[in-house]
Amino acid sequence: QVQLMESGGDLVQPGGSLRLSCAASGSIVSINAMHWYRQAPGKEREFVTTVTPLGSTVYADSVRGRFTSSRDNGKNTIYLQMNNLKPEDTAVYYCYAPRVVTSRGALEVWGQGTLVTVSS
(Lines give C-alpha, C1' and ligand atoms only; values in the text may rest on other atoms or scores of the structure.)
Protein backbone atom coordinates (compact mmCIF):
# COMPACT_ATOMS: atom_id res chain seq x y z
CA GLN A 1 0.00 0.00 0.00
CA VAL A 2 1.05 3.60 -0.59
CA GLN A 3 0.54 6.52 1.76
CA LEU A 4 0.92 10.28 1.40
CA MET A 5 1.73 12.06 4.65
CA GLU A 6 1.45 15.84 4.91
CA SER A 7 3.18 17.80 7.64
CA GLY A 8 3.97 21.39 8.57
CA GLY A 9 0.53 22.83 9.21
CA ASP A 10 0.33 25.32 12.06
CA LEU A 11 -1.27 28.47 13.40
CA VAL A 12 0.36 31.55 11.87
CA GLN A 13 -0.36 35.28 11.84
CA PRO A 14 -1.34 37.10 8.65
CA GLY A 15 1.77 37.89 6.64
CA GLY A 16 3.63 34.93 8.06
CA SER A 17 5.09 31.91 6.32
CA LEU A 18 4.83 28.14 6.52
CA ARG A 19 6.43 25.26 4.68
CA LEU A 20 4.37 22.12 4.10
CA SER A 21 5.75 18.73 3.14
CA CYS A 22 4.14 15.66 1.60
CA ALA A 23 6.09 12.42 1.65
CA ALA A 24 5.01 9.34 -0.27
CA SER A 25 5.87 5.99 1.27
CA GLY A 26 5.45 2.38 0.25
CA SER A 27 6.63 0.16 -2.58
CA ILE A 28 6.73 2.95 -5.14
CA VAL A 29 8.09 2.54 -8.64
CA SER A 30 7.21 6.01 -9.89
CA ILE A 31 4.91 8.96 -9.29
CA ASN A 32 3.69 11.29 -11.99
CA ALA A 33 2.53 14.83 -11.24
CA MET A 34 1.62 15.61 -7.64
CA HIS A 35 -0.75 18.29 -6.43
CA TRP A 36 -1.73 20.34 -3.43
CA TYR A 37 -5.41 20.95 -2.77
CA ARG A 38 -7.06 22.72 0.14
CA GLN A 39 -10.47 22.79 1.74
CA ALA A 40 -11.73 25.55 4.00
CA PRO A 41 -14.63 24.95 6.41
CA GLY A 42 -17.92 24.96 4.55
CA LYS A 43 -16.26 25.18 1.13
CA GLU A 44 -15.44 22.75 -1.65
CA ARG A 45 -11.96 21.38 -2.03
CA GLU A 46 -9.96 23.56 -4.42
CA PHE A 47 -6.81 23.21 -6.45
CA VAL A 48 -3.70 25.00 -5.18
CA THR A 49 -0.70 23.85 -7.24
CA THR A 50 0.82 21.10 -9.39
CA VAL A 51 4.45 20.00 -9.47
CA THR A 52 5.78 17.55 -12.04
CA PRO A 53 8.73 15.13 -11.72
CA LEU A 54 10.86 17.66 -13.62
CA GLY A 55 9.86 20.49 -11.31
CA SER A 56 7.42 22.34 -13.55
CA THR A 57 4.68 24.05 -11.56
CA VAL A 58 1.17 25.40 -11.99
CA TYR A 59 -0.59 27.66 -9.46
CA ALA A 60 -4.09 28.74 -8.71
CA ASP A 61 -4.65 32.46 -9.18
CA SER A 62 -5.35 32.87 -5.47
CA VAL A 63 -1.83 31.78 -4.46
CA ARG A 64 0.35 32.74 -7.43
CA GLY A 65 3.23 34.96 -6.35
CA ARG A 66 2.91 33.94 -2.69
CA PHE A 67 3.23 30.14 -2.76
CA THR A 68 6.00 28.04 -4.28
CA SER A 69 5.81 24.28 -4.82
CA SER A 70 8.81 22.04 -5.36
CA ARG A 71 9.78 18.39 -5.50
CA ASP A 72 12.52 16.04 -4.32
CA ASN A 73 12.19 12.92 -6.45
CA GLY A 74 14.82 11.06 -4.44
CA LYS A 75 12.61 11.38 -1.35
CA ASN A 76 9.27 11.11 -3.20
CA THR A 77 8.39 14.34 -1.45
CA ILE A 78 6.80 17.60 -2.52
CA TYR A 79 6.82 20.89 -0.66
CA LEU A 80 4.70 23.99 -0.47
CA GLN A 81 6.38 27.19 0.68
CA MET A 82 3.65 29.62 1.68
CA ASN A 83 4.54 33.28 2.16
CA ASN A 84 2.48 36.35 2.99
CA LEU A 85 -0.30 34.17 4.32
CA LYS A 86 -3.81 35.59 4.47
CA PRO A 87 -6.79 34.58 6.61
CA GLU A 88 -8.47 33.21 3.48
CA ASP A 89 -5.62 30.69 3.19
CA THR A 90 -6.98 28.95 6.29
CA ALA A 91 -7.80 25.40 5.25
CA VAL A 92 -6.85 21.77 5.48
CA TYR A 93 -4.17 21.22 2.86
CA TYR A 94 -4.13 17.88 1.06
CA CYS A 95 -1.49 16.18 -1.04
CA TYR A 96 -2.81 14.30 -4.09
CA ALA A 97 -1.09 11.88 -6.45
CA PRO A 98 -3.35 10.68 -9.27
CA ARG A 99 -0.93 8.02 -10.48
CA VAL A 100 1.43 6.18 -8.14
CA VAL A 101 2.91 3.14 -9.85
CA THR A 102 3.79 0.12 -7.73
CA SER A 103 4.83 -3.41 -8.62
CA ARG A 104 1.16 -4.36 -8.26
CA GLY A 105 -0.32 -1.60 -10.36
CA ALA A 106 -1.16 2.09 -10.30
CA LEU A 107 -2.96 3.87 -7.47
CA GLU A 108 -4.69 7.19 -6.93
CA VAL A 109 -3.79 8.44 -3.46
CA TRP A 110 -4.85 11.33 -1.21
CA GLY A 111 -3.07 12.35 1.96
CA GLN A 112 -4.85 12.83 5.27
CA GLY A 113 -4.39 16.59 5.26
CA THR A 114 -2.63 19.13 7.47
CA LEU A 115 -4.37 22.14 8.99
CA VAL A 116 -3.17 25.67 8.28
CA THR A 117 -4.79 28.42 10.32
CA VAL A 118 -4.01 32.06 9.54
CA SER A 119 -5.30 34.33 12.26
CA SER A 120 -4.22 37.21 14.46
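All values below were derived from every heavy atom in this structure, side-chain atoms included, with hydrogens, water molecules and symmetry-related copies excluded. Numbering starts at 1 and runs along the sequence shown. Values in this document were obtained by computation on a predicted structure and should not be read as measured data.
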List the steps and the verdict of side-chain contact (heavy atoms from CB on, under 4.5 Å) for N76 and S25.
-> CA-CA 8 Å; N76 283 325; S25 62; over 6 Å; no
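- Both M82 and V12 are members of a single hydrophobic cluster when ILVMFWY side chains are connected at heavy-atom separations under 4.5 Å.
- In this structure, CD in Q81 is found 9.5 Å from OG in S21, a value given to the nearest 0.5 Å.
- Residues F67 and T49 are not in side-chain contact: their nearest non-hydrogen atoms beyond the backbone lie 4.5 Å or more apart.
- Closest non-hydrogen pair, P14 versus S120, comes out as CD-N, 3.7 Å.
- By the neighbour-count criterion of 12 heavy atoms within 6.0 Å, atom CZ of R64 is densely surrounded, having more than that number from other residues, nucleotides or ligands.
- More than 12 heavy atoms of other residues, nucleotides or ligands lie within 6.0 Å of CD in E88, so this atom counts as buried by the packing criterion.
- Nearest heavy-atom pair, L115 versus A91, reported as atom, atom and distance to 0.1 Å: CD1-O, 3.7 Å.
- Taking the side chain as every heavy atom from C-beta outward, S27 and R104 never approach each other to under 4.5 Å.
- Using modelled atom types, one side-chain atom of T90 and one backbone atom of V118 make a donor-acceptor pair closer than 3.5 Å.
- Inter-residue side-chain proximity for W36 and E6 is flagged as met; some heavy-atom pair is nearer than 4.5 Å.
- In this structure, D89 and V116 have side chains that are not in contact, with every pair of non-hydrogen atoms separated by 4.5 Å or more.
- The distance from the CG atom of L20 to the OH atom of Y94 is 13.0 Å, given to the nearest 0.5 Å.
- Contact check for V51 versus Y59: no side-chain heavy atoms found under the 4.5 Å cut-off.
- By the criterion of side-chain heavy atoms lying less than 4.5 angstrom apart, applied directly or through intervening Ile, Leu, Val, Met, Phe, Trp or Tyr residues, M34 is grouped together with V2 in one hydrophobic cluster.
- Taking the six-membered ring where tryptophan is involved, the planes of Y96 and W110 are essentially parallel, since the angle between them stays under 30° and well short of 60°.
- Put simply, V92 and Y37 are part of the same group of oily side chains (I, L, V, M, F, W, Y) that touch within less than 4.5 Å, one to the next.
- No more than 12 heavy atoms of other residues, nucleotides or ligands shown are found within 6.0 angstrom of CD on Q3.
- The closest side-chain heavy-atom distance from D72 to Y79 is below 4.5 Å.
- Nearest heavy-atom pair, A33 versus P98, reported as atom, atom and distance to 0.1 Å: O-CD, 3.4 Å.
- Of all non-hydrogen atoms in A24 and L4, the two that sit nearest each other are CB-CD2, 3.4 Å.
- The structure places CZ of R19 at 10.0 Å from OG of S7, a figure rounded to the nearest 0.5 Å.
- Side-chain contact check for R38 versus V63: some heavy-atom pair is nearer than 4.5 Å.
- In this structure the side chain of V58 never reaches within 4.5 angstrom of the side chain of H35, judged on heavy atoms.
- Interatomic distance, L80 CG to T57 OG1, rounded to the nearest 0.5 Å: 11.0 Å.
- Of all heavy-atom pairs spanning Q39 and K43, the tightest one is NE2-O, 3.1 Å.
- Side-chain atoms of N84 do not come within 3.5 Å of backbone N or O of R66 as any donor-acceptor pair.
- Here the shortest heavy-atom pairing between I78 and C95 reads CD1-SG, 3.7 Å.
- In the hydrophobic clustering of this structure, I31 groups with L107; members are Ile, Leu, Val, Met, Phe, Trp, Tyr whose side-chain heavy atoms approach within less than 4.5 Å, directly or through other members.
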